[in-house]
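Here is the structure we will look at.
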Amino acid sequence: MRTTRKAARQRIHQRIRKKISGTAERPRLAVHFSGKHVYVQAIDDTAGRTLAAASTREPSFRSQKAAANRAAAEQIGKIIAERLLKKKLDHVVFDRGGFLYHGKAKALADAARAGGLKV
């Protein structure tokens with residue numbers, strides 16, 4: 001039976017999630033890329049709540065054409081870094097969500113680092 005690309009990514013993500021977990025002091029920075037949008041959340045897994053989130057679906061991105069590319073990932077990385085630093089959180093655990101650490105995922109992580117987070 002042939003596995004789809006989505007099923008393979010979900011299997012890899014399950015394997016990653018066994019190893020990493022977010023806490024209140026060091027939340028998990030979970031990323032997701034759909035065909036049109038980039039989503040990122042800082043999650044406290046012990047309490048089961050989202051501490052901060054950013055995506056290209058926000059009103060500030062409505063003027064731009066929707067695209068899940070490197071430029072959008074860099075902008076989202078800077079925004080999530082600002083929001084977490086406002087909450088006095090500067091350490092995060094990066095959860096690439098089963099995506100390769102290359103291209104968009106790497107651009108988002110690098111932008112978050114440039115914004116002041118320790119990833």
Side-chain angles (χ1 to χ4, degrees):
M1 188 160 138
R2 192 191 259 168
T3 60
T4 64
R5 188 174 181 168
K6 184 177 179 179
R9 188 188 65 76
Q10 287 174 341
R11 194 178 68 246
I12 293 166
H13 190 199
Q14 291 293 325
R15 190 168 57 231
I16 292 168
R17 286 288 289 122
K18 286 181 194 174
K19 299 173 187 172
I20 64 171
S21 179
T23 63
E25 299 83 32
R26 190 169 179 179
R28 177 170 55 97
L29 193 67
V31 299
H32 177 71
F33 303 102
S34 70
K36 286 186 177 181
H37 297 286
V38 178
Y39 305 90
V40 64
Q41 295 180 353
I43 303 168
D44 174 9
D45 289 315
T46 56
R49 60 187 198 107
T50 300
L51 303 174
S55 75
T56 53
R57 294 192 61 172
E58 295 177 359
S60 60
F61 284 93
R62 295 254 166 93
S63 61
Q64 301 173 7
K65 185 177 180 232
N69 54 19
R70 283 183 75 156
E74 287 174 0
Q75 289 178 335
I76 293 298
K78 290 176 188 173
I79 290 170
I80 196 70
E82 290 172 11
R83 292 180 183 173
L84 286 172
L85 290 174
K86 281 182 186 175
K87 294 187 176 199
K88 296 184 176 37
L89 295 169
D90 62 349
H91 285 74
V92 294
V93 178
F94 189 66
D95 177 8
R96 59 189 174 91
F99 298 99
L100 291 177
Y101 187 77
H102 180 75
K104 295 181 281 191
K106 185 176 187 306
L108 192 141
D110 290 342
R113 280 188 197 102
L117 290 180
K118 294 178 180 76
V119 180

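Residues Leu89 and Val92 are members of one and the same hydrophobic cluster, defined by side-chain heavy-atom contacts under 4.5 angstrom among Ile, Leu, Val, Met, Phe, Trp and Tyr. Phe94 and Leu117 fall within a single hydrophobic cluster, where Ile, Leu, Val, Met, Phe, Trp and Tyr side chains are chained together by heavy-atom contacts under 4.5 Å. Note on Val31: it clusters hydrophobically with Tyr101, by side-chain heavy-atom contacts below 4.5 Å among ILVMFWY residues.
Taking each heavy atom of Ile16 and Gly98 in turn, the nearest pair found is CD1-N, 3.8 Å. Nearest heavy-atom pair, Ala72 versus Ala67, reported as atom, atom and distance to 0.1 Å: CB-O, 3.4 Å. When all heavy atoms of Val40 and Leu108 are compared, the closest pair comes out as CG2-CD2, 4.3 Å. Nearest heavy atoms, Thr50 versus Gln41: OG1-OE1, 3.7 Å. Residues Val119 and Ala109 approach most closely at CG2-O, 4.3 Å, considering heavy atoms. Nearest heavy-atom pair, Glu74 versus Ala107, reported as atom, atom and distance to 0.1 Å: CG-CB, 3.8 Å.
Put simply, the side chain of His37 does not reach to within 4.5 Å of the side chain of Phe61, judged on heavy atoms. Residues Val38 and Gln75 form no side-chain contact, since every pair of their non-hydrogen atoms from C-beta on lies 4.5 Å or further apart.
Of the possible polar contacts, none joining the Arg113 side chain to the Gly116 backbone as a donor-acceptor pair under 3.5 Å is found.
Distance OG1/Thr4 to CZ/Arg11: 9.5 Å, rounded to 0.5 Å. In this structure, the separation between OG1 on Thr23 and CZ on Arg28 is 11.5 Å, given to the nearest 0.5 Å. Note that CD1 of Ile79 and CG of Leu84 are 12.0 Å apart. Values are rounded to the nearest 0.5 Å. With rounding to the nearest 0.5 angstrom, the NZ atom of Lys6 is 13.0 Å from the NE2 atom of His13. With rounding to the nearest 0.5 Å, the separation of CD in Gln14 from CZ in Arg9 is 10.5 Å. Considering OG1 of Thr56 and CD of Gln64, their distance stands at 9.0 Å, rounded to 0.5 Å.
For Thr46, the side-chain hydrogen bond (donor to acceptor under 3.5 Å, both in side chains) criterion is met by Asp44, not counting sequence neighbours. Under the ring pair (Phe, Tyr, Trp, His ring centres under 6.0 Å) criterion, Phe33 pairs with Phe99, not counting sequence neighbours.
Applying the salt bridge (charged side-chain N to carboxylate O under 4.0 Å, His left out) test to every pair with at least one member in residues 52-72, sequence neighbours left out, gives these pairs: Glu58-Arg83.
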